[in-house]
Amino acid sequence: MTVRTRFAPSPTGYLHLGGLRSALYTYLFAKKNGGTFILRIEDTDQEREVPGAVELIYKSMRQAGLFYDEGPDVGGEYGPYIQTQRRDTYLPYAMQLVESGAAYPCFCTKEELQQRRDEATARGEQWKYDKHCLNIPKEEALRRMQSGEPFVIRQNVPTTGVASFEDAIYGHVEAPCDTLDDNVLIKQDGLPTYNFANVIDDHLMGITHVMRGTEYLSSTPKYNLLYEALGWTPPVYIHMSPVMKDSSRKLSKRYGDPSFEDLLSQGYVRDAIINFIALLGWCPDVKKYGEKEFFTMDELIEAFDLSGLSKCPAIFNTEKLLWFNHEYISRMPLDEYQKMATPWFDKVLAGKNMDYTMLSTLMHTRTEIFSKVPEMIAFLAELPEYDIDIYTHKKMKTDAAISLKALELALPALEAIEDFTEENVKAVLMDLAAKNEMKNGQIMWPVRIAISGLASTPGGATEIAYLLGKDETLRRIRLGMDKLQSNG
RNA sequence: GGCUCCUUGGUCAAGUGGUUAAGACACCGCCCUUUCACGGCGGCUACAGGGGUUCGAAUCCCCUAGGAGUCACCA
């Protein structure tokens, strides 16, 4: 049997991280088994549809590297892959169920339902559809449907017994039928609800493995009843635990939690996000992969196995993502780094004519996330205000007096350099330390403080001096000397 | 509230009756070093609680507690 899986989002906005992870696992499972990965758009709720969301999904999937074999914009033999474009396929199946008694038309208005629901609530009862319209004789019901009276079609769930299914992760799951409601299958607007569309489309599209979030765990027994009534074999169900913001809240845009797009624009790199997300709720077989935690997409495909999926919700924690991001950035080739970093450099250094290649070598292994780059290098554009206390450093054996001396020595020495390269600056300053019997740090530390104004910087004194250029370096050293003198 | 599912350190997690209960991130030391970062070494912290079953339980069963999901003409 060829594996066919699908990712079936509804176009209500951006691709959130929970959705991204579901899509990733579904993709990995298909590819691992040499199967087909399908994208299907579930847009049966026309009111919730957000304009442009479908295109956003296509774009995000590609950015994430999740290439589907079949889908609305790539075609396939089982299309269309947008449910509203399949609107006529659902009713005949619903009528087949009506015919067999597994479903029935319902003419109750929303107002009537609301009233009965309120009454039930007032009596302290749990509301469930009361099968009111199940009592209408079939001929009368058909006549009313044909006469144009508004109707919906409801699933006729048995009142006794249990409904169940087998889940690849959670095992046997069952629910007493009397706790299950007669859900609407076909809405008044003629479109199916998720409860019906997922069954019909998964079957029609030949989906062998249904992978989705655990929010469907408790309604899946009902779906199996539908498969049964239709005489179809249910797919293998694989329910995936959610991604949480904290122990009690799911990740959601409503609370400002980042989407995949947001993460990218903040300067997280794609492969780091994918690697991190993959390991959030799934663990590769330790026997085969040991402590390995860096995986390319191909390696994820190779390693993916359902037995590594976790049953419990995982909290999305940016600390580790940040670490992955740092690692991925450090490992990328320098030129690639420079290409990615340039727009961020430009935010504070545009027009400064700075050596971006040199800057890149300094920032390359120090960049955790690109959005932090501008503030890390802002001191190059403008010397920040600083307190002379930072000239004092115990380990470097520096204080204000030594620092002043160091700057006094450094100024003419640097001034004398013709070709102001990093190597030359370094040679001069090291030489200075040696000749004056000072520790390297006693020269380097004060110079770096004077030209950066910061206790810690990407790169040391010599690299920064080179980046700033001779004039600016000398200007900042003089400023430092002034500061030290006036406070001394 | 009913139903369903879940519960190993702060976080991600390994573990499927016998382990000194891995590893990673974070955090804290120390080393390296012209700062920071990187790197190296070391440290801290966990089986939700209570009952069983068993020679032996994080692993099996029950109860309690906590959490999540669901109970729409949303998906």
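Chain letters run A, B, ... following the sequence lines, proteins first, then strands; residues in each count from 1.
Residue-level contact check: A/V173 touches the backbone only, with heavy atoms under 4.0 Å from sugar-phosphate atoms and none from bases. The residue A/E174 sits close only to the backbone: its heavy atoms come under 4.0 Å of sugar-phosphate atoms, none of a base. Within the nucleic acid shown, A/G290 has no heavy atom closer than 4.0 Å to any nucleic acid atom. Counting non-hydrogen atoms under 4.0 angstrom, A/K110 reaches a base of the nucleic acid. Within the nucleic acid shown, A/E293 comes within 4.0 Å of sugar-phosphate atoms alone, with no base atom in reach, counting heavy atoms only. At a threshold of 4.0 angstrom between heavy atoms, the contacts of A/F276 with the nucleic acid are absent. A/S219 comes within 4.0 angstrom of nothing in the nucleic acid, heavy atoms only.
A cation-pi contact, defined as under 6.0 Å to the ring centre and within 45° of the axis, links A/R154 to A/Y129. Within the cation-pi definition used here (under 6.0 Å to the ring centroid, within 45° of the axis), A/K372 does not qualify as a partner of A/F370. For the pair A/K222 and A/F165, the cation-pi criterion (under 6.0 Å, within 45° of the ring axis) is not fulfilled. Judged by the 6.0 Å distance and 45° axis criteria, A/R144 is positioned over the aromatic ring of A/F107. Relative to the six-membered ring of A/F294, A/R331 meets both conditions, a distance below 6.0 Å and an angle of at most 45° to the axis.
In this structure, A/K426 does not pair ionically with A/E422, as no charged nitrogen and carboxylate oxygen lie closer than 4.0 Å. Looking at A/K128 and A/D181, no side-chain N of the basic residue comes within less than 4.0 Å of a carboxylate O on the acidic one, giving no salt bridge.
If you check B/rC73 for Watson-Crick or wobble pairing at under 3.5 angstrom, you find it has no partner at all. Across every strand in view, B/rC44 sits unpaired, with no contact that passes the Watson-Crick or G-U test at under 3.5 angstrom. Of the nucleotides present, B/rG52 is the one that pairs with B/rC60 by Watson-Crick or G-U wobble criteria, both distances under 3.5 Å. Pairing partner, B/rC36: none, since no Watson-Crick or wobble contact has both distances short of 3.5 Å. Base pairing of B/rA65 is made with B/rU7, judged by Watson-Crick or G-U wobble geometry with both donor-acceptor distances under 3.5 Å. Pair assignment for B/rA22 gives none, since no Watson-Crick or G-U wobble pairing has each distance under 3.5 Å.
Nearest to the side-chain atoms of A/A461 among the listed nucleotides B/rC12, B/rU34, B/rC73 stands B/rU34. Among the nucleotides B/rA14, B/rU35, B/rU70, the one closest to any side-chain atom of A/W445 is B/rU35. Closest approach to the A/C312 side chain among B/rC25, B/rU34, B/rC6 is made by B/rC6 (side chain taken as heavy atoms from C-beta onward). Side chain of A/K187, nearest nucleotide from B/rU8, B/rC74, B/rA37: B/rC74. In this structure, the nucleotide among B/rA75, B/rG2, B/rC36 sitting nearest to the side chain of A/R366 is B/rC36. Taking every side-chain heavy atom of A/E215 into account, B/rA75 is the closest of B/rC73, B/rU35, B/rA75. Minimum atom distance to the side chain of A/Q188 is reached by B/rC73, of the listed B/rC12, B/rC73, B/rC36. For A/S310, the listed nucleotide lying nearest its side chain is B/rA13; candidates were B/rU34, B/rA13, B/rG69. Residue A/P176 places its side chain closer to B/rC3 than to any other of B/rG69, B/rC73, B/rC3. The side chain of A/E291 approaches B/rG23 more closely than any other nucleotide in the set B/rC74, B/rA24, B/rG23.
One N or O donor and one acceptor, one from the side chain of A/R448 and one from the base of B/rU35, sit under 3.5 Å apart.
Closest heavy-atom contact between A/H239 and A/I169: O-CG1, 3.5 Å.
Separating the P atom of B/rA68 from that of B/rA75 is a span of 25 Å, rounded to the nearest Å. Nucleotides B/rA22 and B/rC38 have their C1' atoms positioned 26 Å apart, rounded to a whole Å. Comparing B/rG49 with B/rG66, their P atoms sit 15 Å apart, to the nearest whole Å. On the P atoms, B/rG51 is 36 Å away from B/rU70, given to the nearest whole Å. If you take atom P in B/rA57 and the same atom in B/rA21, they sit 14 Å apart, rounded to whole Å. Using atom C1' as the reference point in both B/rU7 and B/rC47, the two lie 10 Å apart (nearest Å).
The interatomic distance linking A/N440 (CG) with B/rU34 (C1') rounds to 7 Å, in whole Å. If you measure from atom CZ of A/F295 to atom P of B/rA24, you get 15 Å, rounded to the nearest angstrom.
Residue order along RNA chain B, read from the 5' end via each residue's closest nucleotide, puts A/K311 first among A/K311 and A/T193. Remark on RNA chain B: of its neighbouring residues A/D181 and A/N317, the 5'-side contact belongs to A/N317, judged by nearest-heavy-atom nucleotide.
Distances shown here put a side-chain N or O of A/T44 below 4.0 Å from the OP1 or OP2 atom of B/rA75.
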